[in-house]
Structure formats: C-alpha cells, structure tokens
Amino acid sequence: NVAEKFRRAREALSQLGTVRSAPLYRTAALGPAQPPYLNSAVRVRWEVATGDELIATVLEIERMLGRDRRGEPRWGPRTIDLDVLLWGDRSVRTPELEVPHPRLHERRFALWPVIELVGDDFVLRGEPLATHEARVIDQELEQLSASW
C-alpha cells in the first residue's frame with residue numbers, strides 16, 4: 001500500500017529529527033504511461049553535516065522501504081521515491097545530490113507541497129516560490145488528505 005509506505009518513510013525520517021508533513025496529493029505521472037502518483041513533502045529538522053551523509057540516509061530509507069533502483073526504468077513506476085528538494089538555503093551539486101532539486105520549480109506536484117511547508121515567499125532561483133507556482137498552475141494536482 002503506497003500510503004503505508006508514506007507513513008513508514010515519515011516514521012524513519014522522524015528518527016532523525018522533528019518532522020512536519022505537507023498534505024498528500026495525487027498527480028499524473030510524468031514520462032511513460034503509468035498510474036497516477038501520490039506526492040507530498042516532509043520538512044525534517046536534522047543537523048546533518050554533509051551532502052554525502054544526507055543522500056546516503058535518504059537512499060537507505062528508500063532501500064528499507066523496498067526500493068531497488070537497479071531494476072527500475074528511468075521515470076517508471078517505483079516503490080517509493082524520496083528526493084531532497086531543498087536543504088535550507090544551501091546549494092549542493094555532486095554526482096549523487098543536487099539541491100535545490102534541479103526541476104523543483106517546473107513540477108507543481110513537488111513545488112506545491114514545499115510551499116505548504118516553507119511558504120510561497122521562499123526564494124528559489126532568484127524568485128519567490130509563488131512566482132514559480134504561477135507558471136505551473138495548469139499542472140493537475142488533487143489533494144487527497146490534509147495529513148497522513
């Protein structure tokens with residue numbers, strides 16, 4: 001059950017620090033034809049030292065929830081997909097991690113839950129998130145529940 005995986009991911013993240021969740025949304029999948037996805041965002045207050053430590057933890061949580069990245073087609077169905085969308089106001093670019101997420105401003109399914117957590121005045125790429133959201137307002141997004 002996908003909603004159960006969301007809850008389990010939030011529980012794993014809560015072991016790292018304080019967690020706050022955005023609502024749960026259903027959106028059409030990008031890429032090849034496939035069923036809709038469930039999306040949300042989680043804000044974790046966690047004092048992590050390095051990008052390597054951050055991405056290693058995220059990938060380990062995915063693995064614990066049953067994801068095997070080796071057997072998945074790019075942009076295809078997946079058990080769970082945890083992305084680091086923002087890391088405060090830090091910018092990180094390594095082969096394993098790019099923060100802010102390079103396509104966050106183009107994807108309403110990721111952008112709107114982030115706005116719910118950090119506010120629409122947070123600046124990304126030199127503009128408030130509200131400005132980016134106005135550009136993707138036509139992308140379908142259906143709220144399923146306020147909490148999960």
Side-chain angles (χ1 to χ4, degrees), residues 1-31 34-65 67 69 74-148:
N1 172 324
V2 177
E4 178 59 25
K5 287 202 188 297
F6 271 76
R7 282 188 285 280
R8 289 179 53 212
R10 188 183 60 223
E11 287 173 14
L13 291 166
S14 71
Q15 300 302 308
L16 305 173
T18 306
V19 172
R20 195 170 120 225
S21 306
L24 185 63
Y25 296 94
R26 178 178 25 229
T27 60
L30 298 176
Q34 54 192 301
Y37 280 7
L38 297 183
N39 293 282
S40 189
V42 176
R43 185 175 190 170
V44 180
R45 292 202 182 270
W46 174 40
E47 294 302 320
V48 61
T50 67
D52 290 342
E53 183 183 359
L54 175 61
I55 195 63
T57 301
V58 168
L59 293 173
E60 178 60 17
I61 292 170
E62 283 185 346
R63 190 195 63 69
M64 288 174 14
L65 294 172
R67 184 166 186 187
R69 287 177 169 263
R74 184 164 172 84
W75 293 312
R78 52 191 76 92
T79 306
I80 191 151
D81 183 27
L82 301 178
D83 289 319
V84 179
L85 301 173
L86 296 172
W87 188 5
D89 60 359
R90 296 184 200 190
S91 292
V92 177
R93 189 171 193 161
T94 69
E96 296 79 29
L97 179 66
E98 189 170 351
V99 179
H101 190 285
R103 290 172 298 286
L104 171 60
H105 66 289
E106 301 170 349
R107 297 175 172 175
R108 190 170 182 221
F109 68 83
L111 189 58
W112 187 248
V114 166
I115 288 171
E116 298 260 2
L117 295 172
V118 301
D120 63 1
D121 58 343
F122 184 93
V123 175
L124 175 68
R125 298 176 160 254
E127 298 179 314
L129 292 180
T131 301
H132 294 291
E133 207 269 335
R135 291 186 190 113
V136 295
I137 196 74
D138 60 333
Q139 294 177 12
E140 189 176 329
L141 185 73
E142 175 191 1
Q143 184 174 324
L144 297 179
S145 68
S147 61
W148 47 274

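Remember, predicted model here, so these are calculated numbers, not experimental data.
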### Query
Does a side-chain heavy-atom distance below 4.5 Å link Val58 with Ile61?
no

### Summary
From the list Leu104, Asp120, Val123, Leu111, side-chain contact (heavy atoms from CB on, under 4.5 Å) partner of His132 resolves to Leu111

## Note on the structure
Taken to the nearest 0.5 Å, the spacing of Glu98 CD from Ser91 OG works out to 9.0 Å

### Task
Identify the two heavy atoms, one from Ala22 and one from Ser40, that lie closest to each other, and give their separation to 0.1 Å.
O-OG, 2.9 Å

### Query
Who are the side chain to side chain donor-acceptor pair (under 3.5 Å) partners of Arg69, not counting sequence neighbours?
Glu62

## Note on the structure
Closest non-hydrogen atoms of Val136 and Glu106, given as atom of the first, atom of the second and distance, are CG1-O, 3.5 Å

### Message
Using a strict threshold of under 4.0 Å (side-chain N to carboxylate O), is an ion pair present between Arg8 and Glu11?
### Response
no

#### Entry: Rounded distance [0.5 Å steps], OG1 in Thr57 versus CG in Leu82
11.5 Å

### Message
If I take atom OG1 from residue Thr18 and atom CG from residue Leu13, how far apart are they, to the nearest 0.5 angstrom?
### Response
12.0 Å

### Task
Heavy atoms only: give me the nearest Leu86-Pro100 pair and the separation to one decimal.
CD2-CB, 3.9 Å

### Query
Considering only heavy atoms from C-beta outward, does the side chain of Glu53 approach that of Trp46 to under 4.5 Å?
yes

### Task
Return the minimal non-hydrogen interatomic distance between Leu144 and Arg26, and the atom names on each side.
CD2-NH2, 3.3 Å

### Message
I need the Glu142 CD to Leu24 CG distance, nearest 0.5 Å.
### Response
10.0 Å

### Query
Who are the side chain to side chain donor-acceptor pair (under 3.5 Å) partners of His105, not counting sequence neighbours?
Arg125

### Task
Side-chain contact test, heavy atoms from C-beta onward, threshold under 4.5 Å: evaluate it for Leu124 versus Val114 and give yes or no.
no

#### Entry: Validation row: Ile137, Arg108 side chains within 4.5 angstrom (heavy atoms)
yes

### Minimum-distance pair of heavy atoms, taken over all atoms of Thr27 and Glu140
CG2-O, 3.7 Å

### Residue pairs involving residues 77-89 (criterion side-chain hydrogen bond (donor to acceptor under 3.5 Å, both in side chains); sequence neighbours excluded)
Tyr37-Arg78, Arg67-Asp81

### Query
How close do Leu85 and Val99 get, heavy atom to heavy atom, and via which atoms?
O-CG1, 4.2 Å

### Query
Could you state the interatomic distance from CD (Gln143) to CD (Glu116), rounded to the nearest 0.5 Å?
6.5 Å

